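Working notes, beginning with the structure itself.
Here the structure is a predicted model, which is why all the values come from computation and not from measurement. Hydrogens, waters and symmetry mates play no part in the numbers below; they use all other heavy atoms, side chains included.
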Amino acid sequence: MTNFDTIALLGQRFRTYRKALHISQQQLHEKTGVSLFTISSFENGKGQGLSLSHLLSLLKALGLDDTFMDLVPDIPAIDPEKMWNKKR
């Protein structure tokens, strides 16, 4: 799974939670200050303009900050030493 795939899946899962709570993107924007473009891009798998700060604000606004790991797709374990040696 690529980083783009992970962002796309995370955005889809986020949209599902938001809709289940009957919160519009406009309401989310008003509550967080995150632009409608950023919210829409994130939910459509592009993640353009989405910073970690924006993501955390969006999760908190929906009460999902404690369940963040439920949204994140499975990430394989990484051997830091192997990764470091690969970059050299």
Side-chain angles (χ1 to χ4, degrees):
M1 180 177 283
T2 68
N3 290 343
F4 294 111
D5 295 335
T6 301
I7 290 170
L9 187 53
L10 183 57
Q12 290 169 1
R13 290 180 181 178
F14 180 84
R15 180 178 52 229
T16 300
Y17 276 100
R18 178 183 60 76
K19 286 185 173 186
L21 294 171
H22 305 288
I23 296 174
S24 69
Q25 287 182 347
Q26 179 66 37
Q27 290 169 315
L28 196 55
H29 158 69
E30 291 169 3
K31 190 169 186 178
T32 64
V34 176
S35 75
L36 286 170
F37 175 80
T38 300
I39 294 168
S40 177
S41 292
F42 172 50
E43 290 187 350
N44 288 305
K46 297 178 182 99
Q48 295 169 330
L50 183 72
S51 67
L52 181 56
S53 177
H54 288 152
L55 178 59
L56 294 175
S57 293
L58 293 171
L59 292 173
K60 284 181 183 180
L62 296 187
L64 296 173
D65 46 325
D66 289 338
T67 59
F68 175 69
M69 293 310 292
D70 294 337
L71 291 170
V72 178
D74 290 334
I75 300 172
I78 299 172
D79 180 347
E81 186 175 338
K82 196 181 278 186
M83 190 170 93
W84 174 258
N85 290 332
K86 208 177 203 183
K87 286 187 175 186
R88 289 177 159 191

Report task. Evaluate the side-chain proximity of T38 to L58: yes if any heavy-atom separation is below 4.5 Å, no if none is. Result -> no
Query - Residue that, paired with E43, satisfies side-chain hydrogen bond (donor to acceptor under 3.5 Å, both in side chains) out of R15, K19, Q12, R18 - result: R18
Please report the shortest heavy-atom distance between [X] and [Y], naming the atom on each side.
X: I7; Y: G45; result: CG2-O, 4.3 Å
X: T32; Y: S57; result: CG2-O, 3.6 Å
X: Q26; Y: L36; result: OE1-CD1, 3.2 Å
X: L62; Y: I23; result: CD2-CD1, 3.4 Å

To the nearest 0.5 angstrom, please state how far the [atom1] atom of [X] sits from the [atom2] atom of [Y].
X: L10; Y: L59; atom1: CG; atom2: CG; value: 7.5 Å
X: S24; Y: H29; atom1: OG; atom2: NE2; value: 10.0 Å
X: F14; Y: L50; atom1: CZ; atom2: CG; value: 9.0 Å

Query raised in the report: Going only through I, L, V, M, F, W and Y residues with side-chain contacts under 4.5 Å, is there a path from F42 to F37?
Result: no
